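For the numbers below, each heavy atom of this structure counts, side chains included, while hydrogens, waters and symmetry mates do not. Letters go in sequence order (proteins before strands), and every chain restarts at 1. Everything numeric here is computed off the predicted structure, so don't read it as measured data.
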Number of protein chains: 2
Amino acid sequence: MQETARKTGSAAAPLPRLPAHETIYRQLRALVLFGDLAPGQAVTIQGLCERLDAGMTPVREALRRLIAEGALELQGNRRVSVPLLDAGHVGELMFARQWLDPHLAERATARATTADLDGLTAIDADLDRAIQQGDMRGYLERNYRFHRTIYDLADAPILADVADGLWLRFGPSLRVVCGRIGTLGLPDRHKDLLDAMRAGNGKAAAEAIRADVVQGMEQVRQSLAQSARAG
Amino acid sequence: MQETARKTGSAAAPLPRLPAHETIYRQLRALVLFGDLAPGQAVTIQGLCERLDAGMTPVREALRRLIAEGALELQGNRRVSVPLLDAGHVGELMFARQWLDPHLAERATARATTADLDGLTAIDADLDRAIQQGDMRGYLERNYRFHRTIYDLADAPILADVADGLWLRFGPSLRVVCGRIGTLGLPDRHKDLLDAMRAGNGKAAAEAIRADVVQGMEQVRQSLAQSARAG
DNA sequence: CAGAGAAAAATTTGATCATATCCTGATGGC
DNA sequence: GCCATCAGGATATGATCAAATTTTTCTCTG
């Protein structure tokens with residue numbers, strides 16, 4: 001979370017030496033967040049050891065962490081899998097995000113500097129580029145990063161933690177949605193948000209992000225209903 | 001989470017054999033939740049191994065889990081400690097609970113059976129008894145159990161998980177509050193809630209629990225301000 | 001005799017431990 | 001005041017043990 005300044009003369013020495021379980025955690029987290037693991041898929045420790053070329057202990061610890069965050073599920077028999085969402089779960093997630101994201105956006109609006117806004121604008125531009133190019137992975141990464149940056153700007157660590165944790169729960173399903181509908185036809189509601197933030201209008205920012213959240217979650221819900229009908 | 005039915009003739013064989021990391025986790029969780037670990041206190045792996053008479057590996061895994069849930073904090077230098085809350089954190093927690101708890105109470109009201117209500121009433125009676133007897137630990141346990149039971153009744157696993165996780169964050173501080181003001185002088189707002197639930201009035205239940213949450217969190221906030229002035 | 005079903009062996013996977021290695025912060029000499 | 005050394009503690013490995021699943025085999029019936 002925090003970078004401790006190092007006395008090494010070089011401008012940026014951001015990785016003094018990261019523990020293995022931490023790097024494994026980040027890799028695994030990305031795997032979940034960007035849909036490299038499908039909903040319902042089984043996950044074995046030893047499989048991950050091979051896939052990530054790591055020892056058992058760090059992998060086990062990273063898994064515990066993800067399980068605690070709800071990103072993975074421990075199904076009675078000690079086996080681990082990617083959770084399958086049902087309509088109720090999506091409803092809960094939509095409800096939670098409809099409340100958290102606008103609040104955080106409002107706080108972020110009050111605190112963001114011009115540099116912060118430039119950063120967000122740049123991420124959004126990258127996001128648009130990814131959409132144009134049909135780069136789904138790029139889209140998912142930028143979209144997450146965009147929202148995550150807002151969480152960080154809100155200066156509310158606990159709420160940001162909670163909001164961030166929700167992404168891990170619908171990440172796998174979000175990927176399925178995108179696989180279905182492609183990257184095109186995703187209306188970009190981020191522009192409204194950026195306008196509101198630049199204007200310092202917290203309420204408008206909150207409303208803009210609420211619309212974005214509802215639209216995204218609604219798509220997940222529909223995709224889910226479609227899967228249920230098919231399977 | 002789920003009980004697998006065993007074929008052993010006996011009525012209840014609920015613990016076929018729980019993994020060590022799981023039992024350790026529960027013990028540690030209780031330690032945090034009920035204030036056996038003070039805010040700011042350092043926690044060492046080897047110390048816990050001795051205290052709980054366990055091996056390092058299960059303790060490490062339990063710690064990772066608690067850290068992921070925000071119950072403990074990993075301070076850059078690989079050391080682990082109980083987080084110290086500031087006013088901003090308490091504000092976040094109050095904000096989150098003011099939104100989550102009422103919603104869950106409303107859902108619980110719609111779903112609770114007569115037996116469920118009897119169970120809640122019994123817990124509340126135990127709680128009153130603990131207050132009368134000045135049994136702080138008993139009070140904290142029953143209070144948690146009361147709210148937790150409502151979360152479970154709401155049939156909203158994700159939101160319940162989030163709400164439950166918040167308790168781990170203010171557990172240590174709550175204990176400090178009680179140590180300061182004693183168990184007496186704690187107005188019991190649970191009666192209003194139970195009345196509303198029995199009447200099937202979800203909105204009233206939500207309002208009753210909101211009052212309870214605000215009162216509790218406000219006490220934590222004041223206690224914290226007092227500590228800051230003193231220390 | 002063929003096939004369904006159950007017992008049992010085998011394999012896969014998870015859990016734990018003891019131990020070795022590496023960091024971090026502190027102590028003491030220069 | 002600075003660098004070397006040291007102790008306490010965290011991290012990671014590999015081996016070992018236990019549980020669960022899968023596969024195999026055997027038996028009993030139609």
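Rounded to whole angstrom, the span from the CG atom of B/Leu72 across to the C1' atom of D/dA10 amounts to 15 Å. Distance CD (A/Glu22) to P (D/dA12): 10 Å, rounded to an integer number of Å. Note: CG (A/Asp53) to C1' (D/dA12) measures 14 Å, nearest angstrom. One atom, CE of A/Met56, and another, P of C/dT16, lie 11 Å apart when rounded to the nearest Å.
Classified by interplanar angle (parallel below 30°, tilted 30° to 60°, perpendicular above 60°), the ring pair B/Tyr144/B/Trp167 is perpendicular.
A/Thr44 comes within 4.0 angstrom of the backbone, heavy atoms only, and of no base. Among the protein residues, A/Arg79 comes within range of the sugar-phosphate backbone only, with heavy atoms under 4.0 Å from sugar or phosphate atoms but none that close to a base.
A centroid separation of 6.0 Å or more is found between the aromatic rings of A/His103 and B/Trp99.
Candidate nucleotides C/dA15, D/dA10, D/dA12 were compared by shortest atom distance to the side chain of B/Ile45, and D/dA10 ranks first. Among the nucleotides C/dT16, C/dT24, D/dA12, the one closest to the side chain of B/Arg78 is C/dT24.
The base of D/dG8 has none of its N or O atoms less than 3.5 Å from a complementary donor or acceptor on the side chain of B/Gln46.
Minimum interatomic distance between A/Leu140 and A/Phe34 (heavy atoms only, all atoms of both residues): O-CE2, 3.7 Å. The shortest heavy-atom contact between A/Val177 and A/Gln219 is CG2-O, 3.9 Å.
Phosphate proximity of C/dG25 to B/Asn77: present, with a side-chain N or O under 4.0 Å from OP1 or OP2. OP1 and OP2 of D/dA10 both lie 4.0 Å or more from every side-chain N or O belonging to B/Arg60. Distances shown here put a side-chain N or O of B/Arg64 below 4.0 Å from the OP1 or OP2 atom of D/dT11.
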